Number of protein chains: 2
Amino acid sequence: MKLQQLRYLCEVVRHDLNLSKAAMTLHASQPGVSKQLLQLEDELGLRLFVRSGKRFSGLTEPGKAVLAIAQRITSDATDLKSLAAEYRDDGTGALTVATTHTQARYALPDVILRFTRKYPRIRLSLRQGSPAQIVDQVIKGQADLCIATEVHDADHQLVMLPCYEWNRCVIAPRGHPLLANPRLTLEELAAHPIITYDFAFTGRSTMNKAFEQRGLTPDVVLTAIDADVIKTYVALGLGVGIIARMAFDTDRDQNLGAVDASHLFEPSVTRIGIRRRAFVRKFTYEFIEMFAPRLTRAVIEEALESSPAG
Amino acid sequence: MKLQQLRYLCEVVRHDLNLSKAAMTLHASQPGVSKQLLQLEDELGLRLFVRSGKRFSGLTEPGKAVLAIAQRITSDATDLKSLAAEYRDDGTGALTVATTHTQARYALPDVILRFTRKYPRIRLSLRQGSPAQIVDQVIKGQADLCIATEVHDADHQLVMLPCYEWNRCVIAPRGHPLLANPRLTLEELAAHPIITYDFAFTGRSTMNKAFEQRGLTPDVVLTAIDADVIKTYVALGLGVGIIARMAFDTDRDQNLGAVDASHLFEPSVTRIGIRRRAFVRKFTYEFIEMFAPRLTRAVIEEALESSPAG
DNA sequence: CACCGTTACGGTATCCGTAAGGATT
DNA sequence: AATCCTTACGGATACCGTAACGGTG
């Protein structure tokens, strides 16, 4: 049994059981991958893949169990390598941040600018996705950390670090009556068609709760993943928008106006998620601290060592 | 980086950094092990071992960190193999139980007899040690489970399953005045020299607490790891013994007498410890259930999945 | 001198890529 | 016809054991 065979297994699963595609990203020939997997099956003495003719159509029951452990081993192996890189301290490495559009667009640019200046040789990459997707990426070791607001880590596989609280504002085309209102109410807001975030994203559930508690049913005519799309449709007059305050920029969004709505909704909390037991490199600690100054290395280490309960 | 290199690393550390001895148990030549370790160091780009001349004298700081991950990986790898064996269901396998003398001598014989009858092809082995040692063995994957009374699993790396409660009796040479007493008191007991378990073992702290609460200082003249040694010295007249009730056998210990002492001390709880996230084979579940009928497969699985808190 | 880790060397097994083969969509 | 996994084959590589080497207690 070799590490590479386990890596192959994970990668093939990640590519929807397509050997050829997996071989590409593994920088290996497709027969090579095939052979190693057959060899692994042979050594373990069981079939991992369900074959339909000459095609993989799924994992067998044992295959799923083996995959789970294989993923743990390969992610540990990657950790080991980056741990070594850390001690070598050669200033190279990679940091992959999985996040949502909102963070990538409004919260991260400043941090990323500072980070890449300080660590020009670290390859930094962003992966966008839904909260569920980005959590998954971190669990599978495809990303080092995730940053988002509505993240559910069912199995406590991640450590969630609160970064900052934020709230919403209401946006509308310039001259819209709502904008004249110094202190908006939920009732007034509910009287207009609303455009806001997609349900799976960025604090949408907090918003719904507020309306529900007042017995109101907001008329959500359109939902989108990101504030830019929302602004576009608000500008077209389809409705008023509810977005994160940080997503409104007086300079850029001159065709729109905004009023504060933080008295209407519970604040939401944006968090960073890290895989439990992951090896965290020095520059990763610094990245986190740049994003949320409260999260110093000591604070993060304590959180990582704490028990998953809670 | 290969799995075998990590295995070599772990094994060498386990053998006090002696390459030659490690090579023996690894069924490999000593130069072979040396070369693989050098290769690992080379690939990681750092020294893992501190060399004093031509001898290993310790692990470097990075070496310790690498070792920790290497141990996780190798134990996962063993899990993976036994998982495969389980699905193959070929009825073979191995079960290593780390335990203290008391359990091995008095609680386990019956269970082991039943187990080996039911699974003649499973290689069952016992490893004796102090509570600290056997916990360590399970954490390092050298044993599948540990059974003991005073076990401290500081990092919640193990799941501790309560098996049964037990209490003590006082033993003395036949005709000793204490034996005539129908209901012993701590004061009477404290008037005699006492022989009992070593501090690190089997419920000794429970005993101390009872004396302390009454403001008594027992005169412990001798401590031992096992009840057999205690009995020997009690028979020689060096003092009275306090041992687990199950350790006294009316038939075998005809030169001694015993009186119940369960009203004097808090009961102690014997527990089974399993590594969290370990793959547990069917016959292991059965072994545990044979030892503690309350611990059915369902109960154990639930405990294994629960959060480490508490 | 005994012990220990490293280096040298040769045989063998393993791995990998190219090319070709059957099967499915 | 295109895609996909497996088999066949040849070359390069890596691994492993024996033997020899250089320090150390």
Side-chain angles (χ1 to χ4, degrees), chain A residues 1-60 62-64 66-67 70 73-74 77 81, chain B residues 1-60 62-64 66-67 70 73-74 77 81:
Chain A
M1 195 170 69
K2 292 169 209 67
L3 271 177
Q4 192 154 14
Q5 294 172 338
L6 303 180
R7 237 192 319 267
Y8 282 9
L9 167 62
C10 296
E11 200 65 11
V12 166
V13 170
R14 208 167 73 79
H15 286 76
D16 302 321
L17 303 171
N18 184 320
L19 268 200
S20 315
K21 286 178 190 163
M24 297 289 278
T25 68
L26 286 164
H27 306 293
S29 73
Q30 178 267 340
V33 176
S34 170
K35 197 155 190 191
Q36 288 304 315
L37 291 179
L38 287 169
Q39 202 170 307
L40 178 62
E41 285 185 318
D42 193 48
E43 183 176 343
L44 295 179
L46 29 89
R47 308 260 300 247
L48 303 176
F49 299 100
V50 178
R51 281 140 170 110
S52 309
K54 294 247 165 180
R55 211 157 288 227
F56 288 172
S57 58
L59 286 174
T60 62
K64 289 175 196 164
V66 167
L67 174 67
I73 292 180
T74 48
K81 277 190 220 128
Chain B
M1 196 171 68
K2 292 170 208 65
L3 271 176
Q4 193 154 15
Q5 294 172 338
L6 304 180
R7 236 194 317 267
Y8 282 10
L9 168 61
C10 296
E11 200 65 11
V12 166
V13 171
R14 208 165 73 80
H15 286 77
D16 302 320
L17 304 169
N18 185 320
L19 268 201
S20 315
K21 287 179 189 163
M24 297 289 279
T25 69
L26 285 164
H27 305 290
S29 74
Q30 179 266 341
V33 176
S34 171
K35 195 157 192 190
Q36 288 304 315
L37 290 179
L38 287 168
Q39 202 170 308
L40 178 63
E41 284 185 317
D42 194 50
E43 182 177 344
L44 296 179
L46 30 90
R47 306 263 297 252
L48 303 176
F49 298 100
V50 180
R51 285 147 170 98
S52 309
K54 291 253 164 175
R55 212 158 288 225
F56 287 173
S57 60
L59 285 175
T60 62
K64 289 175 197 164
V66 167
L67 174 66
I73 292 180
T74 47
K81 277 190 219 126

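Just so it is clear: chains get the letters A, B, ... in the order the sequence lines come, proteins before strands, and each one is counted from 1. None of the values given here were measured: they were computed from a predicted structure.
- Remark: P of D:dC16 and CG of B:Leu19 are 14 Å apart, rounded to the nearest angstrom.
- Expressed to the nearest 0.5 Å, how far CE of B:Met24 lies from CD of B:Gln30 amounts to 11.5 Å.
- When the C1' atom of C:dT6 is taken as reference, atom CZ of B:Arg47 falls 13 Å away, rounded to whole Å.
- B:Glu11 CD to B:Thr74 OG1: the interatomic distance, rounded to the nearest 0.5 Å, is 9.0 Å.
- Note: B:Phe49 CZ to B:Leu67 CG = 8.5 Å, rounded to the nearest 0.5 Å.
- The interatomic distance linking B:Phe56 (CZ) with D:dT24 (C1') rounds to 15 Å, in whole Å.
- In the displayed structure, B:Lys21 atom NZ is contacted under 6.0 Å by at most 12 heavy atoms of other residues, nucleotides or ligands.
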Could you walk me through whether B:Thr60 and B:Leu46 pass the side-chain contact (heavy atoms from CB on, under 4.5 Å) test, one step at a time? CA-CA 9 Å; B:Thr60 62; B:Leu46 30 90; 6.0 Å; no
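- Between the CG atom of B:Leu19 and the OH atom of B:Tyr8 there is a distance of 11.0 Å, given to the nearest 0.5 Å.
- Atom P of nucleotide D:dC15 and atom CG of B:Asp42 are separated by 12 Å, given to the nearest angstrom.
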Given protein heavy atoms under 4.0 Å, the one-letter contact record of nucleotides 15-25 of chain C, with B base, S sugar-phosphate only and - none, is simply SSBBB-BBSB-
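- For B:Asn18 and C:dT6, the CG to C1' distance is 15 Å, given to the nearest whole Å.
- OP1 or OP2 of C:dT6 lies within a sub-4.0 Å distance of a side-chain N or O belonging to B:Ser34.
- Among the atoms of the strands shown, only primed sugar atoms or phosphate atoms (P, OP1, OP2) are found under 4.0 Å from some heavy atom of A:Leu17.
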Per-residue pairing states of DNA chain D in dot-bracket (Watson-Crick or G-U under 3.5 Å; . unpaired, | other strand) read |||||||||||||||||||||||||
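- If you measure from atom NE2 of B:His15 to atom P of C:dC3, you get 17 Å, rounded to the nearest angstrom.
- One can place CE of B:Met1 at 18 Å from C1' of D:dC15, the figure rounded to the nearest angstrom.
- B:Ser20 comes within contact range of the sugar-phosphate backbone alone, with a heavy-atom separation under 4.0 Å but no base atom that close.
- Under a cut-off of 6.0 angstrom, the local environment of CE in B:Met1 is crowded, with over 12 non-hydrogen atoms contributed by other residues, nucleotides or ligands.
- We find the CG-CD distance between B:Leu44 and B:Gln5 to be 8.5 Å, quoted to the nearest 0.5 Å.
- Straight-line distance from the CD atom of B:Glu41 to the P atom of C:dG5: 13 Å, rounded to whole Å.
- Separation of atoms CD (B:Gln36) and CZ (B:Arg7) is listed at 11.0 Å; rounding is to 0.5 Å.
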